[in-house]
There are 2 protein chains.
Amino acid sequence: MRHIPEEPEAQGAPPRVPRQRSTGAVPTSADVARRAGVSRATVSYVLNNATAVRISEPTRRRVREAARELGYVPHAAARSLRAGQSRMVLMPAPGAPVGALYHRFFHDLQWALSRLDYTVVQYGSAGLTGDEAALAWAELRPVAVVAPGIHELGPAGVAVLKRSGARAVITVGPCPVEGAHALLTDHGEVGRCAAEHLLARGRRRLGVVMPEQPALAVYARARLAGVRAAAARVGAEVTELPLAYEETAAARLAADWPERGVDGVFAYSDEYAMLLMAALQDRGIRVPADTAVVGVDDLMLGRLLRPRLTTVRMDLPSAQELAELVDRTVRHPGTSPTVRDLLGVTLVARESS
Amino acid sequence: MRHIPEEPEAQGAPPRVPRQRSTGAVPTSADVARRAGVSRATVSYVLNNATAVRISEPTRRRVREAARELGYVPHAAARSLRAGQSRMVLMPAPGAPVGALYHRFFHDLQWALSRLDYTVVQYGSAGLTGDEAALAWAELRPVAVVAPGIHELGPAGVAVLKRSGARAVITVGPCPVEGAHALLTDHGEVGRCAAEHLLARGRRRLGVVMPEQPALAVYARARLAGVRAAAARVGAEVTELPLAYEETAAARLAADWPERGVDGVFAYSDEYAMLLMAALQDRGIRVPADTAVVGVDDLMLGRLLRPRLTTVRMDLPSAQELAELVDRTVRHPGTSPTVRDLLGVTLVARESS
DNA sequence: TTGAAAGCGCTACCAG
DNA sequence: CTGGTAGCGCTTTCAA
C-alpha cells in the first residue's frame with residue numbers, strides 16, 4: 001500500500017509537459033532549473049562543479065542562488081542509480097550488545113572511510129543472520145561491505161553480495177570466509193596468551209569463563225580453543241564456566257568454587273573478570289593466592305580494582321589501515337582475497353595473577 | 001571521476017532495442033523477465049506478491065525460478081525512487097565515543113523499528129555537525145530522523161530535513177529544537193537528584209566532574225546546571241572539576257584535593273566516579289568519610305568496587321515506545337511537534353556517599 | 001555556452 | 001491474466 005503524492009492532473013495531456021510542482025513537494029533539480037531559467041543539465045554542471053564544461057559566471061550564480069532559495073538537496077539514490085555505483089560502505093551492525101572496544105574501532109573506521117570520501121552506513125538487520133542478512137544488505141547495492149565475524153556470513157552470502165555489485169567484501173573475525181578478504185582476529189591467540197601466563201605461574205586447573213550472550217559465542221569458543229591448546233601441552237585441566245553478566249550468577253559460580261578446585265581463571269573480558277573477582281572475594285577466596293584471574297581488553301577500570309587486574313590487550317588493526325584496504329580493493333576488485341592476521345596480543349601482568 | 005560499466009556498443013542503433021546484458025553485470029528485473037519469458041511488469045507483480053492482479057501459478061513459478069537462478073536481488077534505491085518514499089529511518093551516529101548505555105538504547109531502537117518494517121540506518125557524518133550534517137542526511141531522503149542531542153541540530157537543520165521529505169524528525173537530548181519532536185532527556189534533573197542527595201548527607205562544598213570530551217559537553221553542562229540550582233537553594237558551593245579519562249589526570253586532581261576542600265563529588269558517570277575514587281583512595285582520602293562520591297548510569301562495575309558506588313540511574317524511554325512514536329509521526333505527519341520528558345531519574349544510594 | 005533527451009532499475013497505471 | 005509504457009531524479013552525451 002504505497003502512497004503516491006497528490007498529483008490530481010488526470011487530464012490526458014501529452015506527457016512531455018513539464019509539470020508545475022506544487023509548493024509542498026520536495027524541490028528537484030528541475031525546479032532549480034526553472035527558477036534559474038536554465039536547463040537541468042546546466043544545474044547539474046554547476047552544482048557538481050563540472051570542469052569539462054564552461055558555464056558563465058552569471059549563470060553559475062543564478063543557479064546557485066535558485067538552489068539556495070528553494071532549499072534544494074540532491075537525491076543521493078537517484079544520483080547513484082544513474083551513476084551505476086554508489087560510494088556506500090555498509091557495516092552491518094552487530095546483532096547484540098558488544099564491547100566498548102568494538103564500538104570504538106568501528107567509530108574510528110567510519111571516520112577513516114569518510115576521509116576517503118565513502119559514505120559509511122551501519123545497517124541493522126534485525127534478527128536475520130548470515131546469508132539471509134546478505135540478501136537484505138545486497139538490496140542497498142553497497143560498493144563495499146565490512147562485516148564483523150559475528151554475522152556468520154557464509155560463502156553463499158559473499159557471493160550474493162559480489163553478484164549484486166559489491167567490489168569489496170571484508171570480514172573481520174576469527175575465521176576466514178571463502179571469497180572475501182579476511183581480517184583475521186585470531187582469538188585463539190588471546191586464549192593461548194592468557195593460558196600460558198597462568199601456566200607459567202604454576203596454575204594447572206584452569207577455568208574459562210564463557211559469556212552467555214550467543215553473539216559472543218564465536219569469540220568465546222575461539223579463545224577457549226586457545227586455552228585448551230596451551231593447557232594440553234603441559235597436561236593441565238580446563239573447565240568451562242558459563243556465566244551470565246549478573247551479580248547473582250557470579251555469586252552462584254563462586255558458591256561452589258572450592259569443589260571445582262580451579263586455581264586459575266581466564267575470563268572472557270575484563271568485565272566478566274571483575275564480576276567474578278568481586279564474587280570470589282565476597283566468598284573469602286583470595287585473588288591471586290587461591291585463584292588467579294586474567295581478563296581481556298585492558299579496560300581502565302581493571303586498573304582501579306584491587307588487586308589490579310591482569311589482562312590481555314588486543315591491538316586491533318588501525319582503522320586507517322582497514323580503510324585503506326577497503327579503498328584499494330574497491331579500486332582493484334580483481335585482486336584475490338587476502339587473509340591477514342591483524343590481531344596483536346599482549347599480556348599485561350598486574351596483581352590478580 | 002565516475003566509472004561507467006563497459007558497454008562498448010557505440011553504434012547509432014535505435015535506443016529501444018533491449019540490450020543484452022553482458023554476463024558480468026548485476027542482474028535486473030529485465031533479465032529475470034527475459035529468462036522467464038514474461039514482461040518486467042509481471043516480474044514485479046510476482047516478486048512483490050501483488051494482490052491486485054492475478055498471475056497464474058505456472059507463471060509465478062517460472063518467474064521465481066528465473067530470479068533464483070540469476071541470483072536476482074531487487075535494487076532498493078530504484079524501488080524507493082519510483083515509490084517516492086523510502087522506509088528508511090536515519091540515526092546519525094554519535095560523532096564521538098559515548099557510553100555503553102547509549103549503544104544499548106540505540107540497539108534496542110533499531111530492533112523495535114525493524115519490527116515495524118523500517119530500515120534503520122546509522123549514518124556516520126564525520127566531522128560535520130548540526131545543520132551542515134543535516135544537508136548530508138537529507139540527501140538520503142529518510143522518512144524519519146532520530147537525532148541524538150549531541151549533534152546540535154538546529155531549527156534550520158530540521159527545516160532542511162522536512163523539506164527534503166522527512167515526515168518525522170525526533171531529537172533525543174537535553175533541549176528541544178524548533179519544529180522537531182523532542183524526547184527530552186532532562187539532564188538537569190540528573191544533577192539535581194545527585195546534588196540533593198549529597199546535600200541531604202550534609203555536604204556543602206560540592207565538586208562536579210566535567211569530562212573533557214567535547215561531545216559530552218552538552219550533557220555535562222546540563223547536569224552541572226542542575227547541581228547549581230539545587231546548591232543555590234541551600235547556599236552550598238559548587239566547583240567545576242575538569243577531568244580527562246586517564247589515571248594520571250585523576251591523580252593530579254587528587255593531589256591538590258585537600259586545598260579544594262570539596263566534601264561531595266558528583267561525577268559525570270560511574271566511570272569517571274570510579275576513576276576519581278581510586279585516585280582519592282590512593283592519596284589516603286577516605287570515601288565517603290572525607291569526600292562522598294556519586295556517579296551516573298548504575299553500571300554493574302560500580303557495585304563491585306568497595307565502597308560500592310552511589311549512582312543516579314536514568315530510566316531511558318523504552319525503545320518500543322520511541323519506535324511507536326516514530327511510526328505514528330510518519331503516518332500522521334500533520335501533528336504538531338510534541339515535547340516529552342522521558343527521563344526518569346532514580347538515586348541508588350550505596351556506600352560511597 | 002547551453003539545451004534536448006536517453007536511460008539507470010523499478011512499479012503502477014491502462015489496454016489488450 | 002499479461003504486456004506496454006510512463007516516469008521517479010539525476011547525469012552525460014550529442015547537437016545546436
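Both backbone and side-chain heavy atoms feed into the values below; hydrogens, waters and symmetry mates do not. Throughout, a chain's letter reflects where its sequence line sits, starting with A, and its residues are numbered from 1.
- Applying the salt bridge (charged side-chain N to carboxylate O under 4.0 Å, His left out) test to every pair with at least one member in residues 106-126 of chain A, sequence neighbours left out, gives these pairs: A/R87-A/D117.
- Side-chain atoms of A/D327 never come within 3.5 Å of backbone atoms of A/A323 as a donor-acceptor pair (strictly under, hydrogens ignored).
- Taking atom CZ of B/R61 as the reference point, atom C1' of D/dC1 lies 16 Å away to the nearest angstrom.
- Legend: residues meeting ring-ring contact (aromatic ring centres under 6.0 Å, His included) with A/H107, ordered by chain and number and at least two apart, are absent.
- Per the geometry, CZ belonging to B/R34 stands 15 Å off C1' belonging to C/dC10, to the nearest Å.
- Distance A/R82 CZ to C/dG9 P: 11 Å, rounded to the nearest Å.
- Within the 4.0 Å cut-off from OP1 or OP2 of C/dC10, not a single side-chain nitrogen or oxygen of B/S44 is found.
- With sequence neighbours excluded, no residue satisfies side-chain contact (heavy atoms from CB on, under 4.5 Å) with A/A159.
- Comparing the helix axis at one end of the helix from C/dT1-D/dA16 to C/dG16-D/dC1 with that at the other, each defined from 5 consecutive pairs, gives an inter-axis angle of 50° (nearest 10°).
- Counting to the nearest Å, the P atom of D/dG9 and the CZ atom of B/R79 are 18 Å from each other.
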Pairs under 3.5 Å (N/O, protein and nucleotides 1-4 of chain C):
from	atom 1	to	atom 2	distance (Å)
C/dT2	OP1	A/S56	OG	3.3
C/dT2	OP1	A/T59	OG1	2.7
C/dT2	OP2	A/S56	N	3.1
C/dG3	OP2	A/S39	N	2.7
C/dG3	OP2	A/S39	OG	3.4
C/dG3	OP2	A/T42	OG1	3.0

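- A salt bridge is defined here as a Lys NZ or Arg NE, NH1 or NH2 lying under 4.0 Å from an Asp or Glu carboxylate O, and B/D31 with B/R35 fails to meet this definition.
- A/T42 pairs by the side-chain hydrogen bond (donor to acceptor under 3.5 Å, both in side chains) definition with A/S39, not counting sequence neighbours.
- The distance from atom CZ of A/R87 to atom P of D/dC10 is 20 Å, rounded to the nearest whole Å.
- Within the structure, no pair that satisfies the salt bridge (charged side-chain N to carboxylate O under 4.0 Å, His left out) test touches residues 53-67 of chain B, not counting sequence neighbours.
- When rounded to the nearest whole Å, the span between CG of A/L47 and C1' of D/dT11 equals 12 Å.
- A search for ring-ring contact (aromatic ring centres under 6.0 Å, His included) contacts involving A/Y118 returns nothing, not counting sequence neighbours.
- In this structure, A/H75 atom NE2 and D/dC8 atom C1' are separated by 8 Å, rounded to whole Å.
- Across the protein-nucleic acid pair, B/L81 atom CG and D/dA6 atom P stand 17 Å apart, rounded to whole Å.
- For A/Y45, there are no ring-ring contact (aromatic ring centres under 6.0 Å, His included) partners two or more places apart in sequence or in a different chain.
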